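Worksheet: the structure to be examined is printed underneath.
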Amino acid sequence: MKIRFFLLDIDYITEKKGLKIRLWGKTADGKNVVVFVQSNPYFFVFPKDIKKAQKDIEEILKGKNISVKGIEKIEKKLNGELKEFLKITCFLPQHTQKIRDFIKVLEKNRGGTGSIIEEYEYSINFYRRFLMDKRIDGNCWLEIEGEKLNTNYKVDLALNAKKIKVLEDISIPELKILAFDIETSEIAGEKQIVMASFYGKAFKKVITDQKSDYPDWVEVVKDEKELLQKIVKTFNEYLPDIIVTYYGDSFDFQVLMDRCQSNKVKLIVSRDKTETKFTRRARISSARLNGIVHLDIFNFISNILSPSLQTEVLSLDAVSSELLGDKKIEVDYQEMLEAWRKGKNLSKLAEYCLKDAELTYRLAEILLPQNFEITKTVGQILFDVSRMTYGQLVEWYLSRKASEKNEIIPNQPKYEQVLKRRKITYIGGFVKEPLPGIHEKIAILDFRSLYPSLIVSFNISPETLNCDCCEENGHKVAGLNYWFCQRKEGFIPSVIKELIEKRSQIKKKLKETEKTSLEYKVLYNRQYALKIIANATYGYFGFAGSKWYSKECAESCSALGRYWIKKTIEEAENKGFEVIYADTDSLFLKTKDGDIKQATEAFLDYINEKFPGMLELDLQGYYETGIFIPRGAAPGTAKKRYALIDKKGELLIRGLETVRRDWCNLAKEVQRKVLEFVLRDKDIEMAKQYVKEVVENIKQKQILLKDLIIYEELTKPIETYKQIGPHVMAAKKLRERGMEVGEGMLIMFIITKGQGSISQRAEPVEFVSLKEIDSDYYIYHQILPAALRVLQVLGVSEKDLVS
DNA sequence: ATGAATCGGGG
DNA sequence: GTGTACGATTCAT
């Protein structure tokens, strides 16, 4: 039979019958399907002497208890040049790595016969390799010809594939999305789940074992075990295609798993009825539910979205406020613990819990389309792509293109090499320090496409660097002794060029498309996906763990970038602009006299005419008022920092917010108000006055103790700390008073007056009264830094705020 | 001063 | 069934 479906997930299983890839997806008429495909993993050997290499390998394998499916001779490009390789096809995914380890001793530098020079692509994950080979993108439509199978899976249809065809179709079928959130409480130092919420299309549900009067969408069960069973049941009855969480990889699913183990409940959510497992990744483990995509949107927000967000605090509250214009229900942590303990206000907590799931769901509604398009562009699956950093997106995009162009994918550097690379530095982007103060009528020009353009125009790629053929007339980089090949297009420029060209085609099409249509949305997200990958490639050259690392390429990009931005600044100044600020790829202009819009438009026409190749300067926008903060002004100098306000009174703030939960509430409040005074009311005096009042209030103790609490987590057992920070000291004091203190506990403390370091004066909030607080700490370490972050630029100093 | 250690995000 | 964050803050030397 023949079916068509939208690919959601892929994995593989090893059964007695052999190794099978599983493709999971959904048909246009809402059926969930799984398709089994026969495939084998393999890797490549680059030989010195191909015949001897094959004999040597066969000899080694005879001595080990491991066999291969086959060894064949094939041709692949290594650094752009066609060479002969041995392709070793294996029976099991883990065999590629294992067999490689056995045969690497043949390399000369390891004291072997020298018949092998190097091995390649032995650590590429099996299903990722499958996607690359078959040219299948995650979230594409597939047409499968095959025979029906019987499984015990929770699917409508299972097939054994004979033929797979990738279809051209941009549509997305209706998917069942379910957001999930839990609330926990600490009882005798142990975390317990006390509430869970679910939010989907026309579906809302809260389950709890805490008795109280609730609205009808709350279900009360008798204990935690029943709560856990009910959670599992809800997942299985709703049977979503995608489960969305906010920080679920590191919290909700971790705790759920943990509690299920303690209560002997099986956490079976997957479609193949296997228990939830965590797949290890770099920093975090991810909860994987076979056949259901677990999307933890915090990953995407933190890895990809955060640079373009105004907020630097990536809490659900801050992110929802910015993206949805909606907030969490306000309950602070202390209040929540109190509520669980006393069984008070539980109805509000149920609302709170549901609201979290609702916000998570609505964020997913916005971010899923973007994720689908990035997934399609990179050519991997949603589960993985939604968790990738910029570097990983670039790496997997390049890997896919390498596979398409029959190029060998370079190996990942060894750890020692990464360390060595990290020590190498080169000069970064050019920064023209901002002129201090408030500026009016500003134009922002954007060079964002600067690096991709330069890579293409100058043919910057590891294998085109210092080629033999162009020593005389290659692309020269001013100030560096490098050149890039004029004759042969490099691998990276060729794939970047594809990205840029595809993107400009889409942008052209966007102009002819109805803005409210689905097609517009899809195309818009697609061009965004292409843009972020193209823009990240320069950084990837210089990233120490990169497979296509080249210090020379990265250095060339930044040198050329500096050259062009300086030239642009010069041109702008010649045309009568005042350049208030410039950083790497953006310029902030003001006219000395005349209309900013007219002058800017004329300048853009003029300069883009002059620029070579694909280089282009774009208008980012006009702003009424703005302040810019010099990189050196405050500690932490790497980020661009400014605040702007446009004609409609909309604020645009970058890099100014710093206050996280390890700052007290009062500091957060102060920073927010100061920004409002400065930008909205343009009244520095009022801002100063306000800060002075707060300072005075602290001195007079006219504040609430709860606004001074600092929250910090004990991330490991208390004995293992080498450095005793304030929260560790506070935790020790809790323990001395007979409280159980464990890993993962959120410590709430106050800095008190007295002798010694900050840590020594950190006291658990339970044992502090307002009169003991260290006013100086709160004034000089919390309130003033938060306020001065903004006010410093306006010439306000610490002295102006404390009399 | 400078470097090492630690944290966030979720509850 | 691979593995890269990073900027701010405080302690320790």
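This structure is a prediction, so every number in the text was calculated from the model and none was measured. Sequence lines set the chain letters: A, B, ... in the order given, protein chains first and strands last, and positions in each chain run from 1.
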Distance test, side-chain N/O of A/Y540 to OP1/OP2 of C/dT4, below 4.0 Å: no

Nearest to side-chain heavy atoms of A/K328, which nucleotide of C/dT10, B/dG11, C/dT4: B/dG11

Polar contact flag, side-chain donor to acceptor under 3.5 angstrom, A/R129-A/Y42: yes

Spacing of A/Q94 atom CD relative to C/dG1 atom P, expressed in whole Å: 5 Å

Euclidean distance, atom CZ of residue A/R22 to atom P of C/dG1 [Å, nearest integer]: 15 Å

A/R128 bridged to A/D384 by N-O distance under 4.0 Å: yes

C/dT10 base / A/Q723 side chain donor-acceptor hit below 3.5 Å: yes

By side-chain hydrogen bond (donor to acceptor under 3.5 Å, both in side chains) - contacts of A/E275 (at least two apart): none

Pairing residues for A/D252 by the side-chain hydrogen bond (donor to acceptor under 3.5 Å, both in side chains) criterion, not counting sequence neighbours: none

Spacing of A/L256 atom CG relative to B/dG10 atom P, expressed in whole Å: 18 Å

Of the listed nucleotides C/dT2, C/dA12, B/dG10, the one nearest the side chain of A/I724: C/dA12

N/O (side chain, A/Y721) to phosphate O (OP1/OP2, B/dC7) under 4.0 Å: yes

Phosphate OP1/OP2 of B/dG11 contacted by A/W340 side-chain N/O (<4.0 Å): no

Of the listed nucleotides C/dG1, C/dG3, C/dT4, the one nearest the side chain of A/T389: C/dT4

Sugar-phosphate only, base, or nothing, as touched by A/F253 at under 4.0 Å among non-hydrogen atoms: nothing

Candidates C/dT2, B/dG11, C/dT10 - which lies nearest the side chain of A/H781: C/dT10

Touch class at under 4.0 angstrom, heavy-atom based, for A/N125 against every strand present: base

Listed nucleotide nearest any side-chain atom of A/H727, set B/dG9, C/dT10, B/dC7: B/dC7

side-chain hydrogen bond (donor to acceptor under 3.5 Å, both in side chains) against A/T276, all qualifying residues, sequence neighbours excluded: none

Sugar-phosphate only, base, or nothing, as touched by A/L316 at under 4.0 Å among non-hydrogen atoms: sugar-phosphate

Touch class at under 4.0 angstrom, heavy-atom based, for A/S185 against every strand present: nothing

Sugar-phosphate only, base, or nothing, as touched by A/G248 at under 4.0 Å among non-hydrogen atoms: nothing

Nearest-Å distance once atom C1' is located in both B/dG11 and C/dC6: 24 Å

Selection from B/dG8, C/dC11, B/dG11 that lies nearest to any side-chain heavy atom of A/D662: B/dG8

Side chain of A/Y777 - closest among C/dT2, B/dG11, C/dT10: C/dT10

Between C1' of C/dT2 and CD of A/E395, the distance in whole Å: 10 Å

Most 5' of A/K547 and A/S302 on DNA chain C, judged by nearest nucleotide: A/K547

Under-4.0 Å side-chain N/O to phosphate OP1/OP2 contact, A/S757 with C/dC11: yes

Minimum-distance nucleotide to A/Q392 side chain [options: B/dG11, B/dG9, C/dG3]: C/dG3

Minimum-distance nucleotide to A/D11 side chain [options: B/dG11, C/dG1, C/dG3]: C/dG1

DNA chain B-proximal residues of residues 709-716 of chain A, any heavy atom under 4.0 Å: A/E712, A/E713, A/T715, A/K716

Options B/dT6, C/dG1, C/dT2, nucleotide nearest the side-chain atoms of A/K722: B/dT6

Atom pair distance, as rounded to whole Å: CD in A/Q412 and C1' in C/dG1: 14 Å

Side-chain ion pair, A/K328 and A/D356, N-O less than 4.0 Å: yes

Salt-bridge criterion met for A/K355 and A/E351 (N-O under 4.0 Å): no

Sugar-phosphate only, base, or nothing, as touched by A/I182 at under 4.0 Å among non-hydrogen atoms: sugar-phosphate

P atoms of B/dG9 and C/dG3, separation to the nearest Å: 27 Å

Any donor-acceptor N/O pair under 3.5 Å between B/dG10 base and A/Y247 side chain: no

Atom pair distance, as rounded to whole Å: NZ in A/K668 and C1' in B/dG8: 11 Å

Sugar-phosphate, base or nothing in reach of A/F543, heavy atoms under 4.0 Å: base

Pair A/F253 and A/F278, ring centroids less than 6.0 Å apart: no

Which residues share a side-chain hydrogen bond (donor to acceptor under 3.5 Å, both in side chains) with A/R761, sequence neighbours left out: A/D774

Sugar-phosphate only, base, or nothing, as touched by A/L314 at under 4.0 Å among non-hydrogen atoms: sugar-phosphate

Nucleotide C/dT2, atom P - distance to CH2 of A/W396 in whole Å: 11 Å

Value in whole Å for how far the P atom of B/dT6 lies from CH2 of A/W663: 21 Å

Residues in side chain to side chain contact (heavy atoms under 4.5 Å, CB included) contact with A/S39, at least two apart in sequence or another chain: A/I21, A/F126, A/F130

